[in-house]
K.L.:
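First, the structure itself, so that you have it in front of you.
Convention: sequence-line order gives letters A, B, ...; per-chain numbering from 1.
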There are 2 protein chains.
Amino acid sequence: MNRRRTTLADVARAAGVSSTTASLVLSGRGAELRISEAVQDRVRAASSELGYRPNIVSIGLRKGTTRTLGLVSDTVATGQMAGDMIKGAIEAARERGFMLFIGETEGDPAAESALLEAMQDRQVDGILLTSMFTRARAVPKQLDRIPTVLLNTLPSSPTRYPAVVPDEVEAGRAAARLLLEAGHRSIHLVGAGPGPDDVAPDTVAGVERLAGIREVLHEAGLQPASAHMCDDWVPPQGFAAAQEVLAVDPSPGAIVCFNDRLAFGVYQALGEAGLRIPDDVSIVSFDDYPMAQWLRPGVSSFAIPHEQLGRRAIELLIAQVTGKPADAPEDGVVHRLALPLHARGSIAPVLAGA
Amino acid sequence: MNRRRTTLADVARAAGVSSTTASLVLSGRGAELRISEAVQDRVRAASSELGYRPNIVSIGLRKGTTRTLGLVSDTVATGQMAGDMIKGAIEAARERGFMLFIGETEGDPAAESALLEAMQDRQVDGILLTSMFTRARAVPKQLDRIPTVLLNTLPSSPTRYPAVVPDEVEAGRAAARLLLEAGHRSIHLVGAGPGPDDVAPDTVAGVERLAGIREVLHEAGLQPASAHMCDDWVPPQGFAAAQEVLAVDPSPGAIVCFNDRLAFGVYQALGEAGLRIPDDVSIVSFDDYPMAQWLRPGVSSFAIPHEQLGRRAIELLIAQVTGKPADAPEDGVVHRLALPLHARGSIAPVLAGA
DNA sequence: ATCCAGCGCTAAATCGTGTTAGCATCCACA
DNA sequence: TGTGGATGCTAACACGATTTAGCGCTGGAT
């Protein structure tokens, strides 16, 4: 009926040794310090007998390291994305014996500052500074003395911290190539464009996807057949943009939607106009929301690798936390992760002679 | 160029007092123990001068309490729901000076056990045992000695822990009443029914929504016009079920969809059959996914109050953690939170004489 | 003169672990 | 016989806070 946790002292007593010895044995430094095999066995036996687990709080006090990381996010509640990115981070951390504090700031700098304080009060070993939408931002000075990795975030001025972001430029290129390879020459954009700056403010994804698309079209000697910037990427705006597309071109060959919610609206507009996908219009999109697989036909969409982003960021952070200062990563490296295509039925080749 | 955090000893030294005195003053017990105002002022001045913040790890070691809670979930990555529930929990915790560890088990009991160990190693003050889908489960014995609240989870055998769940029975009643009040008498169910046990296994939401619906229909002297159980509540099953509905009744008056994804499929099937919502068919649904607002017309849907569930659970847990054992809550209370209706355009009244 | 109470503060122990410095023993060797 | 080194372990302190017990002083009552 013991309600206390068993401590190192309990183990030592049970094994008939000092707690120093028990500590050395259990931390694997027994051989190094020439503790006899007999004693080591006694200690280990006592430890597992009593179900001993080291008190990490105590270790934290003594060593200053808690095997704990803090994930600071602007919002956790933004659709699927949040979940998957955090899931990847949590899993990668658990695999390495770390736990994660999760906090959100709602974009409020004061809240962010308070959160960072609260985490440092708890002696976190490192911080993951995270956005749910890829964006550039200043890195608070509070992070000067603590290992940090930027997740889905770019520093607005150069920092020494590594960043992990999706490779949106390459995804834009891939989307354009996909349509070109299917033989399309008349390609409309819904969400951004035509100029490189015709993008809703602060959307890194918009800027970069557009850049990739324009680059590939340009190399093929093309311009977008039309382009429709939307300041919020939601279905009603996709619906309206698709109607504009139909106004300039009653039978548009292909449409690049800047995300799946826009694509949803585009589907609705095309459906109401009596056009069929993919026979009349081919669609390609980004994000791969769950919705993309449930539209009829499913939308071919480039998926943001949220879970991998989370994992990768944690791996970098833990390397930085546990590694020697010597082999620290080069300053300010930006890791860009590819967006895999989830091909569905929304793209058809252009028939020869069409 | 001091890189160390300032400690209580630093403050005491700067104020010219012992660290005992500094501790008493800063913890507010100064007056009680008759520390002179002059000294109290010196201590507080030194504290804010040096930017002192107590090291919670140290307090944790001494007092055994860390102002930290653990949220153990089966999955964090399930749609919007996860995010909002966790968001509510995080916010409520922060407001009270607590931080949250978040962990997920993927339903694996071994992983869950390891996670609970890891959290207890870090001296969490309490545990929130969470499911992303409401379900009943056994509560692990590991939790015997630590304050616990069940979130979106019911105990499969009685426990002393409080639980917080959405009030699905009442939502079912409300959905049925909504259609009855609009004059509908021919009401089809898509997702579960007609019998009370015709429900996909382990879905508390299905059982309870169905119970509420049946109760109200029964009181009105009605049976469901038809019912179609689906073992997975996704659009293709909704699509198929709607086709079955149309097979038995080419002009169904109203359909209750057991969630919005099913409703999406129902919309697709009705659209392809040339029926209009709400003129030809009225639809009511549950969950209020983002999708519900983007369908045309929007779906009237009962929203699971995820954020409130998270908040409420944290409030109960913190009360349990900080409260005196005397005023502990009664054992095993189940708190049921109402699902508010988000009314949109999917319901029309039956025309008189129709 | 002695004792006690009240005042205002502090020394020291404590929480559970890691780490540094060092102790006792034994053996080999000059 | 004494020296030096290897061997195998432990005492004691440190981490940063809280808490218990108590110290020295003063003034008034006995």
K.L.:
Rounded to whole Å, how long is the line connecting atom CD of A:Q40 with atom P of D:dT10?
P.N.:
13 Å
K.L.:
Between B:E95 and B:R311, does any side-chain N to carboxylate O distance fall below 4.0 Å?
P.N.:
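B:R311 and B:E95: salt-bridged.
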K.L.:
Can you tell me if A:R34 touches the phosphate of D:dT7, counting only side-chain N or O atoms and a distance under 4.0 Å to OP1 or OP2?
P.N.:
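Yes, A:R34 has a side-chain N/O under 4.0 Å of OP1/OP2 on D:dT7.
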K.L.:
From C-beta outward on B:N55, which listed nucleotide comes closest to its side chain: C:dG18, D:dG16, D:dT10?
P.N.:
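The closest nucleotide is D:dG16.
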K.L.:
Measure CZ/A:R62 against P/C:dT14 and give the value in whole Å, please.
P.N.:
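In whole Å, C:dT14 P and A:R62 CZ are 19 Å from each other.
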K.L.:
Rounded off to whole Å, could you give me the NZ-to-P distance for the B:K63 and D:dG16 pair?
P.N.:
18 Å
K.L.:
Using heavy-atom distances to pick each residue's nearest nucleotide on DNA chain C, tell me which of B:V17 and B:S58 is more 5'.
P.N.:
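Upstream on the strand: B:V17.
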K.L.:
Return the value, rounded to whole Å, for the distance between atom CG of B:L33 and atom C1' of D:dG22.
P.N.:
13 Å
K.L.:
Counting heavy atoms from C-beta on, name the nucleotide in C:dT17, D:dT10, C:dC9 closest to the side chain of B:V39.
P.N.:
C:dC9
K.L.:
Considering every strand and a 4.0 Å limit on heavy-atom distances, what is the contact class for A:I59: base, sugar-phosphate, or nothing?
P.N.:
sugar-phosphate
K.L.:
For B:R29 and D:dT20, what is the distance between atoms CZ and P respectively, to the nearest whole Å?
P.N.:
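Between P of D:dT20 and CZ of B:R29: 8 Å.
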K.L.:
Between B:E37 (CD) and C:dG8 (P), how many Å, whole number?
P.N.:
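Checked: the CD to P distance equals 11 Å.
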K.L.:
Side-chain N or O of A:S36 versus OP1/OP2 of D:dG8: is the shortest distance under 4.0 Å?
P.N.:
no
K.L.:
Please give, in whole Å, the distance from D:dA17 C1' to B:R67 CZ?
P.N.:
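The distance from CZ of B:R67 to C1' of D:dA17 comes to 15 Å, rounded to the nearest Å.
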K.L.:
Is the closest basic N to carboxylate O distance between A:E104 and B:R94 below 4.0 Å?
P.N.:
no
K.L.:
Are A:D144 and A:K141 ion-paired here, with the side-chain N under 4.0 Å from a carboxylate O?
P.N.:
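Salt bridge: no.
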K.L.:
Is it the case that the side chains of B:T68 and A:R122 hold a donor-acceptor pair, with the cut-off being a distance below 3.5 Å and no angle test?
P.N.:
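Judged by distance alone, the side chains do pair up.
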K.L.:
Closer than 4.0 Å, any side-chain N/O of A:T7 to the OP1 or OP2 of C:dG16?
P.N.:
no
K.L.:
Would you mind checking if B:K87 and A:E106 are paired as a salt bridge, meaning a charged N to carboxylate O distance below 4.0 Å?
P.N.:
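Yes.
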K.L.:
Has B:T20 got a side-chain N or O lying under 4.0 Å from the OP1 or OP2 atom of C:dA12?
P.N.:
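No, outside the criterion.
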K.L.:
Just to be sure I understand the rule, does B:L8 reach a base, reach only the sugar-phosphate, or reach nothing, if contact means heavy atoms closer than 4.0 Å?
P.N.:
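Answer is base: heavy atoms of B:L8 come under 4.0 Å of a base.
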K.L.:
Can you check the B:L24 CG to C:dT10 P distance for me, whole Å?
P.N.:
10 Å
K.L.:
Answer yes or no: does a side-chain N or O of B:T21 lie under 4.0 Å from OP1 or OP2 of C:dT10?
P.N.:
yes
K.L.:
Identify which nucleotide among C:dG18, D:dA11, C:dC15 has an atom closest to any side-chain atom of A:S23, counting heavy atoms from C-beta outward.
P.N.:
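For the A:S23 side chain, the nearest candidate turns out to be C:dG18.
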